[in-house]
Trainee: 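Please see the structure below; I have some questions.
Quick caveat, the model's predicted, so the values are computed rather than measured.
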Amino acid sequence: MSDNKEFTDKENLKERAENLKNTVSEKAEEIAKEARGKAETFAGRTIDAAEKLVNDLLGKKPEDADFEEVKTDPKDVEIAELKKEMDELRDKYVRLYADFDNHKKRTYKEKQEIIQTAGKDVIKDMLPVLDDFERALKALEKNKDAAAAKKACS
């Protein structure tokens, strides 16, 4: 009985959450539409007012207004281009330095791994030889001619 009640409570909560989500989404859309409309109206009024102000200052009607292109100094253009190039080169330098630093770290790590594995490999390769040597010594101890065999090995 309590399992059924928990199930219906969960379903009710899910349904309420879904309804709340839909309500919030609808309100957000309404607010966004309203804000968009106000922004467009404001932008239109601002542009119209700016045009009127410019034309009033120049004493021209909107039809007669001729807009002149802003002239820029060639040195300013060159300075802007050089700044842009400098920023690009600085970015390349920082990236190259980061790559170099990463390479250094990676090679150091690889070197440490090689040193560790090289030591392990040497020990692993020596273990069978040592085991064979121990077995040979035990066999020589059991053998009657052990002293002669030991002298022969030396």
Side-chain angles (χ1 to χ4, degrees), residues 1-51 54 67-154:
M1 183 86 169
S2 65
D3 289 338
N4 192 19
K5 183 179 178 186
E6 287 179 24
F7 179 74
T8 55
D9 287 343
K10 287 180 183 178
E11 288 297 316
N12 287 338
L13 284 174
K14 286 181 183 177
E15 188 175 318
R16 287 176 47 198
E18 189 65 33
N19 288 340
L20 185 59
K21 182 178 101 176
N22 291 338
T23 303
V24 168
S25 296
E26 290 171 4
K27 283 289 186 186
E29 287 177 16
E30 288 176 20
I31 291 170
K33 284 180 185 177
E34 185 179 328
R36 191 179 308 117
K38 287 182 180 180
E40 288 173 357
T41 302
F42 179 75
R45 288 182 190 161
T46 305
I47 290 171
D48 291 343
E51 286 177 353
V54 168
F67 296 98
E68 293 182 23
E69 186 176 322
V70 177
K71 296 180 181 178
T72 56
D73 188 13
K75 289 182 181 180
D76 291 338
V77 172
E78 185 179 357
I79 289 171
E81 289 174 359
L82 289 173
K83 283 183 180 180
K84 183 179 176 183
E85 183 180 349
M86 185 179 76
D87 289 341
E88 289 172 1
L89 290 173
R90 182 178 292 131
D91 183 54
K92 286 181 182 179
Y93 169 75
V94 168
R95 290 177 187 274
L96 182 64
Y97 186 80
D99 286 344
F100 176 71
D101 193 42
N102 290 337
H103 174 72
K104 248 177 33 178
K105 290 176 184 176
R106 185 176 58 250
T107 54
Y108 176 77
K109 184 178 176 183
E110 289 172 357
K111 181 180 174 185
Q112 293 300 321
E113 288 175 3
I114 288 171
I115 290 170
Q116 287 178 349
T117 56
K120 288 177 186 176
D121 290 342
V122 168
I123 291 173
K124 280 183 181 178
D125 290 344
M126 287 182 64
L127 284 175
V129 173
L130 289 174
D131 289 341
D132 290 343
F133 186 71
E134 287 176 2
R135 279 190 231 120
L137 286 176
K138 286 181 184 179
L140 285 175
E141 288 174 1
K142 293 179 184 178
N143 195 350
K144 294 178 183 178
D145 295 331
K150 285 182 184 179
K151 285 182 184 179
C153 291
S154 302

Trainee: Could you give all pairs that pass the salt bridge (Lys or Arg N to Asp or Glu O under 4.0 Å) test and reach residues 19-30, with sequence neighbours left out?
Mentor: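 For residues 19-30, and leaving out neighbouring residues, the salt bridge (Lys or Arg N to Asp or Glu O under 4.0 Å) pairs sorted by first residue read E18-K21.
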Trainee: Donor-acceptor pairs are to be reported for all side-chain atoms of residues 118-134 against protein atoms at under 3.5 Å, with residues two or more places apart or in another chain.
Mentor:
{"residue": "D132", "atom": "OD1", "partner": "R135", "partner atom": "NH1", "Å": "2.8"}

Trainee: Quick one, H103 with D99, criterion side-chain contact (heavy atoms from CB on, under 4.5 Å). Give me CA distance, side-chain angles, the key distance, then yes/no.
Mentor: CA-CA 6 Å; H103 174 72; D99 286 344; over 6 Å; no
Trainee: If a pair satisfies side-chain hydrogen bond (donor to acceptor under 3.5 Å, both in side chains) and one of its residues is in residues 73-82, list it, with sequence neighbours excluded.
Mentor: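 Every pair satisfying side-chain hydrogen bond (donor to acceptor under 3.5 Å, both in side chains) with a residue in residues 73-82: there are none.
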Trainee: Applying salt bridge (Lys or Arg N to Asp or Glu O under 4.0 Å), can you list everything that pairs with E34, at least two apart in sequence or on another chain?
Mentor: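 Salt bridge (Lys or Arg N to Asp or Glu O under 4.0 Å) check on E34 returns K38.
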Trainee: Excluding sequence neighbours, so at least two apart, what forms salt bridge (Lys or Arg N to Asp or Glu O under 4.0 Å) with K105?
Mentor: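 Applying salt bridge (Lys or Arg N to Asp or Glu O under 4.0 Å) to K105 gives D101.
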Trainee: List the atom pairs, donor and acceptor, that lie under 3.5 Å between side-chain atoms in residues 82-93 and the rest of the protein, sequence neighbours left out.
Mentor:
{"residue": "D91", "atom": "OD1", "partner": "R95", "partner atom": "NE", "Å": "3.4"}
{"residue": "D91", "atom": "OD2", "partner": "R95", "partner atom": "NE", "Å": "3.0"}

